[in-house]
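Take a look at the structure below.
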Amino acid sequence: MTAVLRTTGLAVRYGGVSALSDADLTVEAGELVGLIGPNGAGKTTFIDAVTGFARSTGRVELTGRELTGLPPHVRARHGLARTWQAAELFDDLSVRDNVIVAAGGPGFRRTARELLRGRGEGAAAADAVLDRLGLTELADTEPTQLSQGQRKLVGVARALAARPALLCLDEPAAGLDSTESAGLGKHLRSVVDGGTPMLLVDHDMGLVLSVCDRVVVLDFGRVIADGPPEEIRTDQRVLTAYLGSSASPEATR
Ligand SMILES: Nc1ncnc2c1ncn2[C@@H]1O[C@H](COP(=O)(O)OP(=O)(O)OP(=O)(O)O)[C@@H](O)[C@H]1O
C-alpha cells in the first residue's frame, strides 16, 4: 500500500551542523505517528524539510507523489499542512473566521465574500472542523479571549480546514497543563480517526506515548528507534538518548 508520507534518506545541513541525517520515516493511512527526541535532535528540522521550509537532500513523497525540491506553498497545495510552535491567529477575527480564512482553497475574493456573508460553504466546513475539535461553543469568540490550550486547538483547526492529506503538528502541547494536554490528545486522536493522518512532534511524553500508533525517535539527527509506544518506552537506545541511563523518557519532562 502507498504510504501517505514516505521520506527516504532525508538530510539537512546548517553550515557545519548536520541537523538531520539519512532519515527514513513513513506515515500510513489512518496513523498517528509521534516524532520525539531530546532537545536539538532534529524534530522541527524534519518537519521543515518535509514541508519545504528547510533545504534538504533525500526524497519526500506524499501519497506516492514526489515533492522533493518543491517550495512550501506547492507542497501545501498537494496536501501537506503544518502548525508552528506558536499558534498564529488573527486576533480581530472570530474563531470561525480564522478557520474560514485558513481554508485557503476558494481564493482571496471568495474567502472575503464568505466572511462578509457570514455563512455559506466555507462557514459550514469551518463549523464541521470546529465541531470535531470540540470548539463549537467558541466559534464566535475572538482569540484574545481563549486559553493557551484553546488557541492551540484553533491552530490545529486552521490546518485541518485545508483538508490536508497529512497534518504535521510542531509541539501543540507546549505550554499546556496536563489536563489541557490530555484534552488535546483526545481531539488529535479524533482527527486521525476521522481520516486525517498525523505526524506529531511534542516533548510531552505522556501525550505522545498515549495517543500515537507508532513513535519514531531521533537523536543527533538520526532515527534511532521506530515502533509502537510500548516498545519505545523500554527501548534501551531511547532511554540512553534521553538520560544516558535506564530511566523512562516520560521522566524527562
Ligand atoms: N536555522 C538554523 N541554523 C543553524 N542551525 C540550526 C537551525 N535550525 C536548527 N539548527 C540546529 O539543528 C539541530 C536540530 O535542531 P531542531 O530545532 O530541529 O531540533 P529539535 O529536535 O526540534 O529541538 P527542540 O526539541 O529543542 O525544539 C540543532 O543542533 C540546532 O541547533
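Each ligand, and each atom within it, is numbered from 1 in the order the structure gives. Just so you know, these numbers use all the heavy atoms, side chains as well, and skip hydrogens, waters and symmetry mates.
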For the residue pair R132 / S190, report whether a side-chain donor-acceptor contact shorter than 3.5 Å exists.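 Indeed, the side chains of S190 and R132 share at least one donor-acceptor pair under 3.5 Å.
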V4 to E28 - nearest heavy-atom pair and separation: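 Heavy atoms of V4 and E28 come nearest at CG2-C, 3.8 Å.
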Any N/O pair A19/ligand 1 closer than 3.5 Å: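 By distance alone, the answer is no.
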Within the structure, does G37 bring an N/O atom to less than 3.5 angstrom of an N/O atom in ligand 1?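 Checking ligand 1 against G37, no N or O pair falls under 3.5 Å apart.
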Give the atoms of ligand 1, by number and element, whose distance to some non-hydrogen atom of [X] is under 4.0 Å.
X: H203; result: 24 (P), 25 (O)
X: E171; result: 27 (O)
X: A41; result: 19 (O), 20 (P), 21 (O)
X: T45; result: 14 (C), 15 (O), 16 (P), 18 (O)

Give a yes or no answer on whether the side chain of Q145 reaches the backbone of E142 with a donor-acceptor pair at less than 3.5 Å.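 Flag not set: sc Q145 to bb E142 has no pair under 3.5 Å.
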Would you say F53 has more than 12 foreign heavy atoms packed within less than 6.0 Å of its CZ?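 Yes, because the 6.0 Å sphere around CZ of F53 holds more than 12 heavy atoms from other groups.
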F90, CZ atom: more than 12 neighbouring heavy atoms under 6.0 Å: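 It does not: F90 CZ has 12 such atoms or fewer within range.
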May I ask which of F220, Y14, F53, F46 has a heavy atom nearer to atom 2 (C) of ligand 1 than the others do?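 It is Y14 whose heavy atom sits nearest to atom 2 (C) of ligand 1.
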Under the criterion side chain to side chain donor-acceptor pair (under 3.5 Å), which of D127, T136, T141 is the partner of R96?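 Among D127, T136, T141, the one that satisfies the side chain to side chain donor-acceptor pair (under 3.5 Å) with R96 is D127.
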With the threshold set at under 4.0 angstrom, would you say G42 reaches ligand 1 through any of its heavy atoms?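 So G42 counts as touching ligand 1.
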